[in-house]
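Here, residue 1 is the first one in the sequence, and each next residue gets the next number. Remember, it's a predicted structure, so these values are computed and weren't measured experimentally.
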Amino acid sequence: MEFEPQKWRNRAWARFTRATRGRASDDPVVSRLEKRWYLETVAIEDMRRLLDWCRSKGLTVEFVTEQLGVYVMGDDHIRISSRLSPRKQVAVLLHECGHHLCGASDSHGRFLAGYPETRPHMKRSMKHRISCLEEEIEAWHRGWKIATKLNLSVTRDYFDEVRVDCLRSYVKWAAKPNEV
């Protein structure tokens, strides 16, 4: 699926009008929904600017229906879920771009134990799990640096909310010594 800003703005407006249908304009719910619509609209512009940055780095971004987000190292390809809100898509894409920067600058092999291509036995080790967790945290850190560099509207509070939610599962996984 391609990123088409006007189509995405139309979808955001359609969600807003469906959710507010039959409600009085002074209803507090309408005010909350109006704020959400505004934030989605701003996030769509952020997405446009972030996709321009991705193109400048040789990254291909595809919107898919299955996973939250994934960076395919070597292919310089990112997949982002089209089912997420535009705001969450921006946060997740920033994180996946952070993975690209981790790989691009990992001349010392800092994250090599995290995603071993040639050493499958590593996947059972604590070293592997900690390396994966470390890279996940670093990718979020670098994603935030991209957001500030591009002067995107995503707030630190919202970004951290998504970051913590996503990292929670990695922390639980890393803490289980016998899980593959």
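- Annotation for Arg36: atom CZ does not count as buried by contact number, only 12 or fewer foreign heavy atoms lying within 6.0 Å.
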Item to complete: Evaluate the criterion ring-ring contact (aromatic ring centres under 6.0 Å, His included) for residue pair Trp140 and Tyr170; output intermediate values, then yes/no.
Response: CA-CA 13 Å; Trp140 281 105; Tyr170 277 97; 9.8 Å; no
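- Heavy atoms only, all atoms of each residue included: Trp37 and Ala12 are closest at CD1-O, 3.5 Å.
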Practice prompt. Applying side chain to side chain contact (heavy atoms under 4.5 Å, CB included), run through Arg87 and Val154 and close with a yes or a no.
Written response: CA-CA 7 Å; Arg87 288 180 76 203; Val154 62; over 6 Å; no
Discussion item. Walk me through whether Ser81 and Val92 qualify under side chain to side chain contact (heavy atoms under 4.5 Å, CB included).
Written reply: CA-CA 9 Å; Ser81 175; Val92 170; over 6 Å; no
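- A salt bridge is defined here as a Lys NZ or Arg NE, NH1 or NH2 lying under 4.0 Å from an Asp or Glu carboxylate O, and Asp52 with Arg49 fails to meet this definition.
- A cation-pi contact links Arg156 to Trp144, judged by a cut-off of 6.0 Å to the six-membered ring centre and 45° from its axis.
- Criterion: ILVMFWY side-chain heavy atoms under 4.5 Å apart, direct or through other members. Under it, Leu39 and Trp8 are not part of a common hydrophobic cluster.
- Inter-residue side-chain proximity for Val72 and Glu62 is flagged as unmet; no heavy-atom pair is nearer than 4.5 Å.
- Tracing side-chain contacts under 4.5 Å through hydrophobic residues (I, L, V, M, F, W, Y), one never reaches Val70 starting from Ile80; they form parts of separate clusters.
- Of all heavy-atom pairs spanning Arg129 and Ala174, the tightest one is NE-O, 3.4 Å.
- The CD atom of Glu136 sits 9.0 Å away from the CH2 atom of Trp173 when rounded to the nearest 0.5 Å.
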Discussion item. Could you walk me through whether Phe3 and Ile44 satisfy the side chain to side chain contact (heavy atoms under 4.5 Å, CB included) test, starting with their C-alpha distance in whole Å, then the side-chain angles of each, then the deciding distance to 0.1 Å, before giving a yes or no?
Written reply: CA-CA 9 Å; Phe3 174 71; Ile44 291 165; 4.0 Å; yes
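- Leu150 and Val42 fall into different hydrophobic clusters, defined by Ile, Leu, Val, Met, Phe, Trp and Tyr side-chain heavy atoms under 4.5 Å apart, directly or through other members.
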Worksheet item: Please walk me through it: do Asp165 and Lys88 pass side chain to side chain contact (heavy atoms under 4.5 Å, CB included)?
Response: CA-CA 11 Å; Asp165 189 48; Lys88 194 164 187 176; 4.0 Å; yes
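- One hydrophobic cluster, built from ILVMFWY side chains closer than 4.5 Å, holds both Trp13 and Val29.
- Looking only at side-chain heavy atoms (C-beta outward), Leu59 and Trp53 come within less than 4.5 Å of each other.
- Between Glu40 and Ser85, the shortest heavy-atom distance links the atoms OE2-CB, 4.4 Å.
- Leu84 and Phe16 are assigned to two separate hydrophobic clusters, defined by single-linkage of ILVMFWY side chains at heavy-atom distances under 4.5 Å.
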